[in-house]
Amino acid sequence: MERQITQLKVERELIKKEETVISEEARRISSQCRHYAMCKIDFLRTGLCPAGEENHFVSYYPQGRMDIYHALANNRIPVTERLVDIADTCTLCGVCDKQCYFVTELRPMKVMAALKDYVEAHVRAGKEVVRPESDRTLARMREVVGEKWATNDPAILVSYSHDPGVFTGVQTPRYVIMPGKREEVSQIVKICNRHHLPFAVRGNGSSVMGFVFAKDGLVMDMGRMKRITLDKSNWYASVEAGVAAFELQKEVAKHGLRVNVAEPSALVCANLMCSGIFSTFSASYGTAANNYINAEFVGLDGEVFHLNQREAPNLFAFHKEELPLPGVCTRADVKVHPTTEDEDGILVPFSGFHDAVAFSRELGRRRIGLAVAVLGGEYMSTFMSPTEALGDSVKSTFKEDLGIEYAVLVIGDRYALQAVRSMTDVVIDGELLKIFTLGLPRMAEGEWKDLVRGLEGSRAPYKILMKPEMYPLLEAVLKPSPELLAQAVEPDLRDFFMELFSRHEMSNLVWLNMFRIISSRMGRRKHAVAFIVYVPLDDIDLAADINDEFKRIGDSHGVSHDYGFITPLDFGKRAVFEYDYYVDHTDPLDVQRMQQAIDSTARMIEGFSQIDRRVKWIRYVLYQGFARMENLLYM
Ligand code: SF4
């Protein structure tokens with residue numbers, strides 16, 4: 001990796017041009033940014049982008065730089081003062097290449113270098129560097145947050161103007177502002193009201209459904225409000241609006257605690273507000289209001305309220321309708337939970353949907369396990385494969401070679417895991433998962449194929465092959481090692497990935513789940529559009545019918561799709577069900593297909609919810625995530 005960075009720097013010196021030239025390769029890469037914001041959290045222990053960490057606006061992070069380059073390449077923005085600073089502050093350190101490659105297999109460094117080249121050549125040639133004029137509204141906002149943290153510079157605005165969502169389009173705001181504390185949020189909301197300026201509140205990535213844009217208005221990026229205060233004796237962490245799930249989990253884990261959070265780069269307060277937090281741990285920690293103790297808001301009038309005030313708006317209620325934003329959540333007191341040192345994770349394989357879901361319901365009923373989820377075989381192999389090509393070559397391994405279509409993930413202490421083992425014939429434990437993960441490349445080879453072919457018969461091969469006495473044979477055939485798996489990635493990244501794959505956490509189901517890394521590669525091939533539906537679990541046929549309908553609609557519209565997960569809630573009475581569609585957001589035809597598929601799917605879910613009112617989907621939970629779980633699931 002170091003060699004590659006040096007090489008890149010030398011090449012840049014040699015090709016310094018007087019003309020500003022757009023690199024087609026960099027343009028193509030920049031168009032593919034999914035806005036998942038994994039470059040804004042330190043999930044690989046590489047450290048963060050230094051420029052982003054210091055300057056906070058997304059435009060200084062790799063994600064924003066990708067948008068900027070794409071906009072420059074399409075003549076959507078001029079070279080501005082801020083853009084010169086953005087290009088200048090990139091040190092070409094290479095951190096973003098490791099992070100982004102892990103998740104999407106993209107190489108943003110090529111874009112970073114091209115951006116620097118372009119801007120340097122522009123400045124060297126003496127071309128105009130635009131300095132946007134201020135106005136009275138901006139001047140007033142700067143008085144509140146400070147000169148640096150309120151701007152109308154197009155290089156900042158462009159990173160807040162679009163997402164890969166298929167209905168969004170470009171919606172450029174007039175201003176972007178980064179408040180540092182609640183009082184500033186309050187004053188900014190009042191200024192917006194006075195000037196009739198629409199505003200949107202923005203988290204780390206983007207909502208991917210167009211909810212964080214304010215065309216001609218103001219976007220409030222909460223990324224500077226990052227304080228976490230732990231109150232151990234009262235079992236909660238006070239979290240400001242800019243804290244990401246990964247950051248909070250990392251902080252409380254230092255104290256042997258855990259929080260129930262969503263995707264690692266998602267902001268905790270934003271998740272609580274928008275959808276309520278659901279995860280595999282919702283099997284025991286619940287969802288919606290179960291996850292917090294209190295929350296602080298700046299209301300739409302700019303005044304502050306707390307949920308525990310009698311006169312506060314009733315955010316505990318749930319109504320099946322689309323409601324407006326109730327205010328800006330500036331702080332939440334999030335529940336923390338104890339952990340034990342004997343926690344571990346296992347997967348229970350199944351060849352059919354019905355049996356897997358019934359098993360997860362049984363675990364819910366009996367209160368076994370902290371995290372429970374029915375995962376699809378492809379979901380697992382997507383995470384285990386560091387590249388799409390390897391994923392494709394071993395795609396059939398779980399389903400066709402081993403006969404596994406679904407696996408029930410269980411995280412629990414040793415008593416819970418003993419109980420699970422006593423309820424089934426075979427499990428994939430940590431040791432076996434490591435053998436499969438680090439030996440994955442050999443699953444495309446002849447020796448493995450011969451082994452599974454030899455097991456063909458009446459029983460599913462996994463029932464024989466996954467018994468502990470078979471582990472030595474599996475090791476002999478797959479010869480698992482970090483070196484082997486690292487061979488799958490691009491040569492200059494192999495040293496880094498070899499070290500990464502040798503870390504315990506990379507095959508540890510507890511860590512992978514509580515930090516939500518296991519789903520991070522879902523959008524590697526294309527941008528993922530997730531459908532979340534709450535379903536009753538006493539009628540598994542209903543969940544199976546919904547699953548079949550997702551599949552049918554995906555197929556009929558020609559969009560890629562895959563089952564996501566099902567997690568039992570509230571003693572197995574209900575479940576949260578995710579199904580995912582995938583779109584190449586840069587391909588207009590694919591976008592059109594996805595729009596039609598979403599439309600059909602919306603009608604399908606509404607149809608099911610009219611037949612059985614216990615079926616509810618996330619559409620109506622928007623801005624109602626603080627509701628009582630009971631109101632959400634049962635009213
Ligand atoms: S190469 Fe540039 S953009 Fe990427 S992480 Fe380093 S400083 Fe940030």
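Remember, it's a predicted structure, so these values are computed and weren't measured experimentally. All ligand and atom numbering here is 1-based and tracks the order in the structure. Heavy-atom basis, side chains included; hydrogens, waters and symmetry copies ignored.
There is a side-chain donor-acceptor pair under 3.5 Å between Ser560 and Lys526. Side-chain atoms of Ser59 and Ser159 include a donor-acceptor pair closer than 3.5 Å. Side chains of Arg34 and Gln32: a donor on one and an acceptor on the other come within 3.5 Å. Residues Thr387 and Glu105 have side chains that never bring a donor and an acceptor to within less than 3.5 angstrom of each other.
The protein atom (non-hydrogen) at minimum distance from atom 6 (Fe) of ligand 1 is Cys93 SG, 2.3 Å. Protein heavy atom nearest atom 4 (Fe) of ligand 1, with residue, atom name and distance: Cys96 SG, 2.3 Å. Counting protein heavy atoms only, atom 7 (S) of ligand 1 is closest to Thr91 N, 3.5 Å.
Stacking of Arg27 on the aromatic ring of Tyr69 is not recorded, the 6.0 Å distance cut-off and the 45° axial limit not both being met.
Just one of Glu53, Arg65, Arg82 meets the side chain to side chain donor-acceptor pair (under 3.5 Å) condition when paired with Tyr60; it is Arg82.
Those atoms of ligand 1 with a heavy atom of Met112 less than 4.0 angstrom away are 3 (S). Atoms of ligand 1 lying under 4.0 Å from any heavy atom of Arg65, numbered from 1 in the order shown and given with element: 3 (S). Atoms of ligand 1 lying under 4.0 Å from any heavy atom of Gly94, numbered from 1 in the order shown and given with element: 1 (S), 6 (Fe). Remark: ligand 1 atoms within the under-4.0 Å shell around heavy atoms of Cys90 are 1 (S), 2 (Fe), 3 (S), 7 (S). Shown in contact with Leu92 at under 4.0 Å from a heavy atom are these atoms of ligand 1, numbered in order with element: 1 (S), 2 (Fe). Of all atoms in ligand 1, numbered sequentially from 1 with element shown, those under 4.0 Å from a heavy atom of Met109 are 1 (S).
In summary, the aromatic rings of Trp511 and His504 are positioned with their centroids too far apart to meet the 6.0 Å limit.
The closest donor-acceptor contact from the side chain of Lys116 to the backbone of Cys90 lies under 3.5 Å.
The shortest heavy-atom distance from Ala51 to ligand 1 is not under 4.0 Å.
Backbone or side-chain N, O or S atoms of Cys49 reach atom 8 (Fe) of ligand 1 at under 2.8 Å.
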